[in-house]
2 protein chains.
Amino acid sequence: MNNLSQTNRERSVRNHNSNNHNQIAALYEEFISVTNTNVDIAKKMLQENQWNLQKALGAYFDTPNNGQASASNDELFEENRKFKLLSWNIDGLDMYALEVRAQGVIDVIKKERPDAVFLQEVIPCSLSQIQTHLPEYDVHLGNVQNYFVVILTRKATLTVQRLDLIPYPGSQMDRNLLIIHARYRNTVNIDLMTSHHESGTEENSSHERMEQLKLCFKKMFDAPSDHFVLFGGDLNMRQKELYKIGNVPAGIYDLWFANGKPTDCEYTWDMQLNTNKNFSMSASRPRARFDRLYFRPSSDGSIKFQPVGFELKGLDIIPSVQRFCSDHWAIQVSFSV
Amino acid sequence: MNNLSQTNRERSVRNHNSNNHNQIAALYEEFISVTNTNVDIAKKMLQENQWNLQKALGAYFDTPNNGQASASNDELFEENRKFKLLSWNIDGLDMYALEVRAQGVIDVIKKERPDAVFLQEVIPCSLSQIQTHLPEYDVHLGNVQNYFVVILTRKATLTVQRLDLIPYPGSQMDRNLLIIHARYRNTVNIDLMTSHHESGTEENSSHERMEQLKLCFKKMFDAPSDHFVLFGGDLNMRQKELYKIGNVPAGIYDLWFANGKPTDCEYTWDMQLNTNKNFSMSASRPRARFDRLYFRPSSDGSIKFQPVGFELKGLDIIPSVQRFCSDHWAIQVSFSV
DNA sequence: CCGCCTGCG
DNA sequence: CCGCAGGCG
Ligand SMILES: [Mg+2]
Ligand SMILES: [Mg+2]
């Protein structure tokens, strides 16, 4: 019996208690996490089953075409739980309809319910919106000058032990590496690292990016070996630069590759599809895989944490303002835990 | 007896003819070429020796400390003749005191008396000055739009057989390679090639420069093997780029290297010494060896053509306007012929 | 934070 | 034709 099973037991106890608001939210959380559905289905199934999670899950999976109905609920519990991480440069430097666009970001997070979120190019005004509208997350940040990176951790699943902020000494743009040392469901140590690496094509920026990336890879190895390490963000990375630093070190996995290199998720900054910037009349319509997520597994092989998905989010234009949330797409990875 | 000796004989014949202006100029030319002096000394010595070149040379070298007085005049003839080539980006895009600066360029050429001159960044207005004030040179050019490259050949020593203009297909700046197929003293075939390679540090410019340089090296090899080939100009070259294309091919010689890498002639574009641009208040004071000359010897080993000198010219500020002739220095190479 | 341009130090 | 900033398509 591994640590995750203990967590399940603990939660079963909670489920038999009173129906106050926090506990209903926890039931939704659990139902959605196991069934990979949404809050509407969770509400319906739980209401129909007297707010008993096991009964609601049983009823859901007994319905034909819902999940894998042949397995027992406990097995489904084990098999279907996901850890989700979403990373997004939300372009807080673009003032056009920023408040509406930031609300769009919040809506995506509410819908996706990732356990952790890496945000880049956040400005104070957007940060306030996030803190107001996403109370289900803890908000972690280093500096709050100009624009900055933020890590959100889902209160229900992650407890934060420590924060590290490592400035890049060579950065001309005040970029830094933000690290959150967290525990997932009180059992799994996960170090969450995000960064917004030096922008632009200039030689100095390119060189600085390589230094920043090398530092990050080193930090991933510096973490205790029994921790899982997730690092990524807007790395502004070019293939040549990765090649020049010797490609991704052994023991670290690019989660786009680990999830089968889905070609429809390749470009995270795509001026052929994203119209937030004025490239429509331009001769060049560049696109690139600037945003990436890397994974260093734990040395503890008994802990299940398998990459099972890579998706782009934020692909929809916001009708009211005819803008996307950002010039970058969000990238989201899932792990079977 | 090689071809150069024949040329000497031909000239001796000319020297006994009448004293019209052209022939006096030819006598000056010869005297200066052999003695490495200047027009004032040539005039004095020739006047004192009844315009007899042999007597004037004899008198000059019999004077203690003048040349190597122990050798015979004929030997000195052989030993001291030089072929000189000067290359200069004269910054015709800088309008500040351009006419005075172009006159400065003309003055340097008149003083140095190179057999051939490669000019880059010439504009029509400067071209007119050159044509007016340097009648001792033939002027060769391809396009005359915006700014362009020009080759000057000394009428007394070079006869031009053909001109080729090869546009660089990938250039964003209408750059091209200008080739003059010439004969030196009616005996030695010399192909003169100059170019102004793509400017700037951008990736596309850098890549285009490498393509341009590869084409030029190829053209140097395409010339008939019994020709000497001299190629160079403002190549805007970076060490990395030369490395990336595999360095200078075997059989081609960088004349700065061939002349012992004189460290005081390394930087041809030097914002630490040249004040034409506004770098005085700038944090960076860049300098580079942008201007280079390459040499492919003839397969005919009987023809003497040995690199014997590399110099910078145009190092003096013009007092009246407090500017240098150009933001580039001129580079000048000499061959013992 | 694409390429390219202009202007500044 | 240096690096960098700001603006444009
Ligand atoms: Mg951005
Ligand atoms: Mg120039």
Side-chain angles (χ1 to χ4, degrees), chain A residues 89-96 120-121 146-147 170-175 196-209 212 233-241 267-291 326-328, chain B residues 89-96 120-121 146-147 170-175 196-209 212 233-239 241 267-291 326-329:
Chain A
N89 177 322
I90 62 173
D91 200 12
L93 295 175
D94 177 6
M95 285 297 127
Y96 187 90
Q120 303 87 35
E121 271 190 53
N146 302 311
Y147 58 99
S171 177
Q172 302 289 109
M173 303 172 179
D174 286 320
R175 304 294 172 85
H196 180 195
H197 284 174
E198 214 78 354
S199 305
T201 56
E202 289 182 359
E203 181 61 30
N204 284 354
S205 299
S206 172
H207 189 264
E208 172 60 19
R209 259 197 301 279
Q212 292 170 351
D234 178 3
L235 307 188
N236 272 313
M237 195 186 297
R238 277 71 170 172
Q239 177 60 39
K240 271 189 183 176
E241 295 166 2
Y267 302 107
T268 67
W269 187 82
D270 189 343
M271 294 306 101
Q272 296 182 16
L273 298 177
N274 189 302
T275 52
N276 276 23
K277 307 287 178 198
N278 282 331
F279 283 80
S280 47
M281 299 297 165
S282 176
S284 75
R285 303 285 289 274
R287 55 186 191 174
R289 192 162 74 93
F290 285 152
D291 303 87
S326 168
D327 59 334
H328 290 249
Chain B
N89 177 323
I90 62 173
D91 200 10
L93 295 176
D94 177 7
M95 286 296 128
Y96 187 90
Q120 303 87 37
E121 271 190 55
N146 303 311
Y147 59 99
S171 177
Q172 302 290 109
M173 302 173 180
D174 286 319
R175 304 293 172 85
H196 179 195
H197 284 175
E198 213 78 354
S199 306
T201 56
E202 288 183 358
E203 182 60 30
N204 284 354
S205 299
S206 172
H207 189 263
E208 173 59 20
R209 259 197 302 278
Q212 292 170 352
D234 178 3
L235 307 190
N236 273 313
M237 196 185 298
R238 277 72 170 172
Q239 177 60 39
E241 295 166 4
Y267 301 108
T268 67
W269 186 82
D270 189 343
M271 295 306 102
Q272 296 182 16
L273 298 175
N274 188 302
T275 51
N276 277 22
K277 306 288 177 197
N278 283 328
F279 283 79
S280 47
M281 300 296 167
S282 176
S284 76
R285 303 285 289 273
R287 56 186 190 175
R289 192 161 74 91
F290 285 152
D291 303 87
S326 169
D327 59 333
H328 290 248
W329 308 137

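Numbered from 1 within each chain, the chains take letters A, B, ... in sequence-line order. If you're wondering where the values come from, they're calculated on a predicted model, not measured in any experiment.
Under the 4.5 Å side-chain criterion, counting only non-hydrogen atoms from C-beta, B:W329 is in contact with B:D270. A:D327 places a side-chain heavy atom less than 4.5 Å from the side chain of A:W269. For the pair A:Y147 and A:M173, the minimum side-chain heavy-atom distance is below 4.5 Å.
Closest to the side chain of B:E121, out of D:dG9, C:dC1, D:dC1, is D:dC1. Closest to the side chain of B:S282, from the set C:dC1, D:dG3, C:dG9, is C:dG9. Nearest to the side-chain atoms of A:H196 among the listed nucleotides D:dC1, C:dG9, C:dC1 stands C:dC1.
Taking the nucleotide of DNA chain D with the nearest heavy atom to each of A:E202 and A:S284, the more 5' of the two is matched to A:E202. Ranked by how close their nearest DNA chain D nucleotide is to the 5' end, A:N278 and A:Q172 are led by A:Q172.
D:dG3 atom C1' lies 18 Å from atom CE of B:M281, rounded to whole Å. At whole-Å resolution of the value, CD in A:E203 and P in D:dC1 are 18 Å apart. Summarising the geometry, the separation between NZ on B:K277 and P on C:dG7 is reported as 13 Å, rounded to the nearest angstrom. Between B:F279 atom CZ and C:dC8 atom P there is a gap of 14 Å when expressed in whole angstrom units. Between the CE atom of A:M271 and the C1' atom of C:dC4 there is a distance of 17 Å, given to the nearest Å. Note: CD (A:Q272) to C1' (C:dG3) measures 15 Å, nearest angstrom. Atom NE2 in B:H197 sits roughly 12 Å away from atom P in D:dC1 (whole-Å rounding). For the pair A:D94 CG and D:dG7 C1', the computed distance is 14 Å after rounding to whole Å.
Contact annotation for B:S205: no contact, since no heavy-atom pair falls under 4.0 Å across all strands. Residue-level contact check: A:N274 touches neither bases nor backbone, having no heavy atom under 4.0 Å from any strand. Here B:D270 lies out of heavy-atom contact (under 4.0 Å) with every strand.
Taking 4.0 angstrom as the limit, B:N204 places none of its side-chain polar atoms (N or O) nearer than this to OP1 or OP2 of C:dG3.
Side-chain contact check for B:H197 and B:N236: no donor-acceptor pair (N or O, by modelled atom type) lies under 3.5 Å. Side-chain contact, A:Q172 with A:E208: no donor N or O sits under 3.5 Å from an acceptor N or O.
Comparing C:dC1 with C:dC5, their P atoms sit 22 Å apart, to the nearest whole Å.
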